[in-house]
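In what follows, a structure is listed as structure tokens, so that the remarks can point back to it.
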Amino acid sequence: MDLFKSIAASIADAIPGIEPADLAFAPPPRPEMGDVALRTFDAARKLGCPPPQLAARIAREVGFGPEVLETGVAGPYVNFKLNREVYARRIVASVLEAGDAFGANASGAGQRVLIEHTSINPNASPHVGRARNAMIGDAVVRLLRFEGYDVEVHYYVNDMGRQIGLLVLECPDPEQLSFDQILDIYVKANQRAEAEPEFAARGYELLVKMEEKDPETVEKFHRITDLCLRGQLAVLERIGASYDVFDRESDYLRDARLEQVLAALREKDAVFTDEDDRVVVDLAKLGHERDEGRYFVLMRANGSSMYGCRDLSYTIHKMSLGADLNLIVLGEDHKLYAEQVALILGAAGFATPEPIYYAYITLKEGKMSTRKGTVVLLSDFLDEAESRAAEKVEEQCQDLSPDERREIVKQVAIAAVRFAILRVNPNKNVVFEWESALSFTGDTGPYVQYSCARIASILRKFGDCPETVGDTFPVETAAEWALLMQLASFAGVVAGAVAQRNCAPIAQYALDTARTFTTFYHECPVIAAPTREQQVARAQLCRATRQTLQNALGLLGIAAPERM
RNA sequence: GCCCCGAUAGUUCAGUGGAUAGAACGAGGCCCUCCUAAGGCUUAGACGCAGGUUCGAUUCCUGCUCGGGGCACCA
């Protein structure tokens, strides 16, 4: 919402050499100074005059319409007192009109996006560290869809690893097993492989058979990875993550386009067979300047492919699907690897996805470690969140049916879990602590939901509220004005999030909006407002706030319950 | 050792090349005959260190310190 464009236009019209783009608006430091402030630094530089002089000139010479009641100069700033009623009506009307699309800038219209995220190895249950990938990816998907992009979500199933080979050896009849049992068997198989070289060797033999596409082996690998994937997806579904396409690593074993890559590498003399008969890429020949990560192994001596080799094929495949934007969500431990892949494919003229990196979630004790038993499983995290939410819902919502209560419990638990992770910028490490991650008070998802529930409660009691904004819209208090300005800033926040491919600012915005609403809630009675006109105006402001919060939470994959 | 990220209140996080750097948790003191106290009000409390660029730097650059991640035969 370009709220102050008419003010900017008036200035640009009156003063030659200034364009609206040179004018930056911001809230003044103290509300009594005005409703909005203009900074004149950039425009003054352009005109070659001191900023305070330009500010004075703007206040003196520019005529503004009835929207501006008063201008004041404070050094390099021009402060405007606005006709709040005009702005309030404009803001609320635009929220209610846009509805579920309020805040969207339609920047993605007509564009297709392919994004890969999560892609957990099958032999593990998602833990909160891995879940950060899924939540960040899923939120970016929601954000881009909101902006009008046509998004397809891919999940890469690593069904070719040594760990799957070991599972195949140890699970002759996998259909009889639960996901948890398979995970237990994997841990034991891994231990056995370390203790018995002969057993480990049998695992590698299976990989060779897999490479040769031996039908029986392929069948066995598929059966077990399918079961694992189903187990993983059941957990991921609980936090609302979903995927459109599942790509099997084993389908990218012998991609003809890999030959193009090898040919390009050979031409640049960047591929060689080392003393142990492995096929290796020398990235120094492709412009890689450091020793670190200089060599990239494609094939083992026995001719079987390494993971990276299959990933090259898979990446080519994804890039060939014709999306306008290709994204991949990766842990920061994959940075060097992704650079290597980009360099190799770049040498053959192929592009690579734009990475979205995130840092690790650790524990106070350090890294999460399966062996030390210090991983926090996503399913345990959710279970605990639900049991805490259930306690609260039992005492607060006794008049609701068990089904309705169960639904609220789930929504609150997801809100706590997703918000705790998404509100932190992805490039920051997170130290996981049960108490703060499961908190429902303070800067949390449930706090935002709570303000939504309060709005819903007011509107239930208020009864019929006119659908459209009336001719008059009184704005009596600072709290109302602050809330209006907060709503008006949503689209800008969304645009910033899209540009950064980062949903953390959305979470921050939701929190700020909820807090701003709560101040309004305490200071401005709706149902008991002095005049009917004011009651209706405030009720509509409530509706607009709920719509905005609902949209912001929606981008994070969090529901806005009517009751909680 | 080299490369990539980070460093803001006791703690967990926001934020910005420009007017007085925001929350929350924790600590102290208050508020439910008042639209949901999962709330509010109130007190105390912070830009790692040293240079540089700039009219102006917590923000940009360099160095240092500390923390996280990475560094070919795993996936």
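Labels below follow one simple rule: chain letters A, B, ... track the order of the sequence lines, proteins then strands, and each chain is numbered from 1. Predicted, not measured: the structure shown is a model, and the values here were computed from it.
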Nearest to the side chain of A:V424 - B:rA75, B:rC13, B:rA38? B:rC13

Shortest side-chain distance from A:F440, nucleotide among B:rA75, B:rC13, B:rA38: B:rA38

Quick test of the criterion, 5.5 Å between centres and less than 30° between planes. Is A:F296 stacked on B:rA72 or not? no

From the candidates B:rA14, B:rA72, B:rA19, the one with an atom nearest any side-chain atom of A:V297 is B:rA72

Would you call the rings of A:Y155 and A:F246 parallel, tilted or perpendicular, taking 30° and 60° as the class edges? tilted

Nucleotide nearest A:T518 when distance is taken to its side chain, options B:rG15, B:rA38, B:rG39: B:rG39

Would you classify B:rC13 as syn or anti? Syn applies when the glycosidic angle is within 90° of 0. anti

Return the nearest nucleotide to the side chain of A:N425; candidates are B:rG39, B:rG15, B:rC71. B:rG15

Answer yes or no on whether A:K392 is positioned over the face of A:F440, meaning its NZ or CZ is under 6.0 Å from the six-membered ring centre and within 45° of the axis. no

Measure from the side chain of A:P29, starting at C-beta and using heavy atoms only, and say which of B:rA23, B:rA19, B:rA75 lies closest. B:rA19

Whichever of A:T519 and A:D333 has its nearest RNA chain B nucleotide further upstream toward 5': A:T519

Of the listed nucleotides (B:rG39, B:rA75, B:rC13), which one gets closest to any side-chain atom of A:N158? B:rA75

Whether A:F80 and A:F25 hold their rings parallel, tilted or perpendicular, with breakpoints at 30° and 60°: tilted

Scan nucleotides 1-9 of chain B against the protein and return all N/O pairs shorter than 3.5 Å with their distances rounded to 0.1 Å.
| unit_1 | atom_1 | unit_2 | atom_2 | d |
| --- | --- | --- | --- | --- |
| B:rC3 | O2' | A:R290 | NH1 | 3.1 |
| B:rC4 | O2' | A:K335 | NZ | 2.6 |
| B:rC5 | O2' | A:N427 | O | 3.1 |
| B:rA7 | OP1 | A:K428 | NZ | 3.1 |

Kindly point out which of B:rA38, B:rC35, B:rA23 is positioned nearest to the side chain of A:T441? B:rA38

For A:H117, ring pair (Phe, Tyr, Trp, His ring centres under 6.0 Å) partners two or more places apart: A:Y243

Please work out whether the ring planes of A:Y360 and A:Y358 are parallel, tilted or perpendicular, with thresholds of 30° and 60°. parallel

For A:Y450 and B:rA38, is the gap between ring centres under 5.5 Å while the planes differ by less than 30°? no

The side chain of A:Y521 is closest to which nucleotide in this list: B:rA72, B:rA75, B:rC35? B:rC35

